[in-house]
**Q** 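One structure follows; several queries about it will come next.
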Amino acid sequence: MAPESLLAAVDLGSNSFRLEIGRIGSHQRIERVEYLKEMVRLGGGLNAQNALTREAMERGWACLARFGERLTGFAPAQVCAVATQTLREARNRAEFIERGSELLGFPITIIPGEEEARLIYRGVASVLAPSQQRRLVIDIGGRSTEITLGQHSQALQCASFPLGSVSWSGLFFADGVLDKARFAAAISAAQSTLAAASTDYPSTAWDCAYASSGTAHALGDILTALGMDGHVITPHKLYHLKTLLLQAGHIDQLRLPALKEERRPVLAGGISVMLAVVEQLNITELEVTHGALRQGLLHDLLEHEPPADKEAAEILALQQDFGIDTAQAERVHHVATTLWASLCPAEAGDTAHDALRIAALLHEVGMCVALNDYHHHGAYILRHCAHATWSDALRQRISQLVLGHQGKLRKLDAAIAVPELALPLMALRLATQLCHARRTPELTGLTLSYDSKNTACQLQITHAWASAYPQSARLLEQEVLAWSKTPWSLELKRLP
């Protein structure tokens with residue numbers, strides 16, 4: 001791995017210090033190489049005079065020295081290090097920054113809250129699927145909360161508010177007691193601090209809302225462990241968590257699955273701020289996302305404009321990375337979508353269309369591992385590829401189509417009973433059979449139809465077509481046999 005292909009972002013947060021190293025991959029993607037995180041609790045080291053204690057500074061410096069060792073050999077243009085709310089507030093920030101920059105080996109910049117919000121939005125946008133929607137991004141940190149409205153990769157309106165999980169836990173739950181009065185005071189104070197947000201970010205200004213960074217991830221993990229959907233945070237789920245904290249009565253008595261010990265002291269403050277945000281902005285659903293400030297920093301370092309069609313760029317990058325025969329991929333894609341047009345039920349959603357298109361273009365991705373069982377390798381790669389920003393539902397469907405496009409169909413179990421999977425899969429399987437010679441097949445004389453009442457499909461070919469393409473005709477006969485062992489039927493009818 002060439003050193004010049006690496007970029008590094010250092011985020012000095014109020015709760016944690018983070019180092020992320022990324023590699024510039026195909027089509028200007030940034031692929032994670034390494035991620036280091038240390039719970040420094042710098043924000044907890046601010047005293048009544050807003051000065052960092054010597055102990056807090058020593059914790060931060062020790063962490064930066066470790067990060068500095070890892071960054072040995074990096075050029076200045078490859079590294080960006082920024083500090084946020086705690087060091088914006090600290091009276092002795094100059095002392096900390098001077099020594100910290102020496103230990104890290106690179107200058108540390110204290111960025112304004114609005115710039116932090118912009119970078120967070122850019123980081124979140126980098127991991128989301130392409131969309132025309134107006135996005136609201138909420139990031140509750142240790143001592144500040146950033147709210148950003150944007151579209152595509154562009155932040156349109158940014159704001160930062162001086163409240164977070166660390167500061168609110170210290171103000172309202174410092175002794176660990178969890179009761180109704182303290183929660184009420186914490187939520188009320190947070191709403192007062194966020195008063196301007198309800199005017200600046202009305203519900204009519206955005207289409208969907210996302211939550212990023214530590215507080216959101218911690219709450220999502222706990223909700224998942226409790227048997228709830230942790231990918232989406234709602235007011236109801238937050239009140240449920242608040243009730244569990246009230247039942248515990250004290251932080252030391254709190255027993256929640258997936259609650260990390262390092263998160264325990266700041267959980268009550270984080271929930272209070274999150275409740276205030278969703279109520280103040282009338283948010284009914286917050287989708288938890290993995291983008292964050294450090295991804296925004298890396299993209300700023302790269303200094304390139306994101307492609308107009310982000311999904312197409314990601315597919316092209318995957319094709320390049322895994323050595324896919326793009327001519328064959330386009331060929332299969334064309335034939336599969338042509339056949340799908342004959343099968344597509346009226347109720348088929350966008351996921352079925354998108355999944356077939358992407359699976360056709362990437363169906364041979366597993367050949368980079370081994371030709372034998374390449375469809376299994378391909379399904380695994382696409383299911384776990386971190387660089388594609390498909391939704392979970394779309395990713396699963398793409399993986400199923402790639403897994404099922406070769407071999408026996410029983411490996412898909414009950415999933416194949418769903419028309420939105422079975423019919424696109426049939427189109428893809430037939431396309432790969434018809435394109436077996438790696439040239440554009442002749443489709444004249446071939447007709448595919450679907451009887452929804454009997455879950456039956458019929459493929460008509462002429463005798464002339466079968467005589468001209470005997471191997472293709474044989475492969476189609478084998479395909480009929482494969483589908484006969486499923487809830488679906490495929491009939492091959494030869495016409496004069």
Side-chain angles (χ1 to χ4, degrees), residues 15 113 116-117 120-121 124 128 133-150 155 157-169 171-173 178 180 182-226 228-246 256 258-259 263 266-292:
N15 212 26
E116 181 181 357
I120 289 169
Y121 181 86
V124 168
L128 292 178
Q133 292 179 315
R134 299 166 299 171
R135 295 159 167 164
L136 184 71
V137 175
I138 310 295
D139 187 294
I140 299 174
R143 296 188 70 87
S144 68
T145 293
E146 280 64 48
I147 302 177
T148 314
L149 174 65
Q157 186 171 330
C158 305
S160 179
F161 300 88
L163 76 168
S165 60
V166 173
S167 56
W168 246 237
S169 294
L171 283 172
F172 299 96
F173 307 98
L178 305 170
K180 290 183 178 180
R182 294 173 190 239
F183 268 107
I187 295 170
S188 176
Q191 288 177 327
S192 296
T193 305
L194 294 164
S198 57
T199 302
D200 295 339
Y201 300 92
S203 57
T204 54
W206 47 272
D207 302 308
C208 52
Y210 297 89
S212 63
S213 296
T215 297
H217 294 162
L219 297 181
D221 290 344
I222 294 169
L223 289 169
T224 299
L226 290 171
M228 306 172 78
D229 180 7
H231 293 101
V232 178
I233 295 173
T234 66
H236 172 75
K237 293 175 185 176
L238 290 172
Y239 275 109
H240 178 68
L241 293 177
K242 175 189 165 188
T243 299
L244 295 179
L245 266 65
L246 290 173
L256 288 176
L259 174 60
R263 181 62 56 176
V266 298
L267 183 64
I271 290 176
S272 301
V273 175
M274 186 73 82
L275 273 168
V277 170
V278 298
E279 290 180 353
Q280 196 76 6
L281 299 182
N282 295 315
I283 298 173
T284 56
E285 290 188 349
L286 266 175
E287 183 177 336
V288 179
T289 179
H290 290 284

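Note that the numbering runs from 1 along the sequence shown for the chain. What you see is a predicted model; the values in this text were computed from it and never measured.
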**Q** Using only atom types and a distance under 3.5 Å, with no angle test, would you say the side chain of Lys237 pairs donor to acceptor with the backbone of Val232?
**A**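 At least one qualifying donor-acceptor pair exists.
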**Q** Any side-chain heavy atom of Leu275 sitting closer than 4.5 Å to one from Phe183?
**A**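 A side-chain contact under 4.5 Å is absent here.
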**Q** Provide the closest heavy-atom pair for Tyr121 versus Gly150 in the form atom of the first, atom of the second, distance.
**A**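 Shortest heavy-atom contact: OH-C, 3.0 Å.
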**Q** How long is the span from the OG1 atom in Thr145 to the CD1 atom in Ile140, to the nearest 0.5 Å?
**A**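 Thr145 atom OG1 to Ile140 atom CD1 measures 5.0 Å (nearest 0.5 Å).
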**Q** Within the structure provided, determine whether Thr215 and Val273 are in side-chain contact (heavy-atom separation under 4.5 Å).
**A**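 No, every pair of side-chain atoms sits at 4.5 Å or beyond.
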**Q** Are Ile147 and Leu194 side-chain neighbours, meaning at least one heavy-atom pair lies under 4.5 Å?
**A**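 Ile147 reaches Leu194 side chain to side chain.
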**Q** Measuring from atom CZ of Arg182 to atom OG of Ser272, what distance do you get when rounded to the nearest 0.5 angstrom?
**A**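 Separation between the atoms: 11.5 Å.
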**Q** To the nearest 0.5 Å, what is the distance between NE2 on His217 and CD1 on Ile233?
**A**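 It is 9.0 Å, given to the nearest 0.5 Å.
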**Q** Please check this pair: side chain of Trp168 against backbone of Ala186, looking for a donor-acceptor N/O pair closer than 3.5 Å.
**A**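 The answer is yes, because a donor-acceptor pair under 3.5 Å joins these two groups.
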**Q** Look at the side chain of Ser167 and the backbone N and O of Leu163, then say whether any donor-acceptor pair between them is shorter than 3.5 Å.
**A**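 Not confirmed, Ser167 side chain does not pair with Leu163 backbone.
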**Q** With a 3.5 Å distance limit and no angle check, can you tell me whether Ser213 reaches the backbone of Gly141 through a side-chain donor-acceptor pair?
**A**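 Between the backbone of Gly141 and the side chain of Ser213 there is no qualifying donor-acceptor contact (under 3.5 Å).
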**Q** Side chain to side chain contact (heavy atoms under 4.5 Å, CB included), that's the test. Do His236 and Tyr239 meet it? Break it down for me.
**A** CA-CA 5 Å; His236 172 75; Tyr239 275 109; 5.9 Å; no
**Q** How many angstroms lie between atom CG of Leu223 and atom CG of Leu241, to the nearest 0.5 angstrom?
**A**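 Separation between the atoms: 4.5 Å.
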**Q** Can you spot which of Ser212, Ser160, Cys158 makes a side-chain contact (heavy atoms from CB on, under 4.5 Å) with Ile120?
**A**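 Single side-chain contact (heavy atoms from CB on, under 4.5 Å) partner of Ile120 among Ser212, Ser160, Cys158: Ser212.
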**Q** Is any side-chain heavy atom of Leu281 closer than 4.5 Å to one of Ile138?
**A**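 In contact.
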**Q** Is a side-chain donor or acceptor of Ser169 paired with a backbone partner of Val266 at a separation under 3.5 angstrom?
**A**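 Yes; judged by distance alone, with no hydrogens or angles, the pair exists.
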**Q** Given side chains that start at C-beta, do those of Ile283 and Tyr201 come closer than 4.5 Å, heavy atoms only?
**A**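 Ile283 vs Tyr201: side chains apart.
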**Q** Heavy-atom count check: over 12 atoms from other residues, nucleotides or ligands less than 6.0 Å from His290 NE2?
**A**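 No.
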**Q** Would you indicate whether the side-chain heavy atoms of Leu256 and Leu267 approach each other to under 4.5 Å?
**A**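 Sidechains of Leu256 and Leu267: in contact.
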**Q** Verify side chain to side chain donor-acceptor pair (under 3.5 Å) between Thr289 and Glu287, making sure each step is shown before the conclusion.
**A** CA-CA 6 Å; Thr289 179; Glu287 183 177 336; over 6 Å; no
**Q** Under the rule for salt bridge (Lys or Arg N to Asp or Glu O under 4.0 Å), what residues qualify as partners of Arg135, not counting sequence neighbours?
**A**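 Here no residue qualifies.
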**Q** Are any non-hydrogen side-chain atoms of Glu285 and Thr234 less than 4.5 angstrom apart?
**A**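 Yes, their side chains come closer than 4.5 Å.
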**Q** Which distance, rounded to the nearest 0.5 Å, do you find between the OH of Tyr210 and the CD of Gln133?
**A**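 Tyr210 atom OH to Gln133 atom CD measures 5.5 Å (nearest 0.5 Å).
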**Q** Is a donor on one side and an acceptor on the other found under 3.5 Å between the side chain of Arg263 and the backbone of Leu219?
**A**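 Side chain of Arg263 to backbone of Leu219, a donor-acceptor pair under 3.5 Å: no, none is there.
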**Q** When you compare the side chain of Leu226 with that of Leu244, does any pair of heavy atoms fall below 4.5 Å?
**A**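 Yes, at least one pair of side-chain atoms sits under 4.5 Å.
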**Q** So, the side chain of Glu116 versus the backbone of Glu146: is there a donor-acceptor pair under 3.5 Å, distance only?
**A**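 Side chain of Glu116 to backbone of Glu146, a donor-acceptor pair under 3.5 Å: no, none is there.
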**Q** Spell out, as yes or no, whether a donor-acceptor pair under 3.5 Å connects the side chain of Ser188 to the backbone of Ala185.
**A**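 Here the side-chain-to-backbone pair does not exist.
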**Q** To the nearest 0.5 Å, what is the distance between OG1 on Thr204 and CZ on Arg134?
**A**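 If I round to the nearest 0.5 Å, the distance is 7.0 Å.
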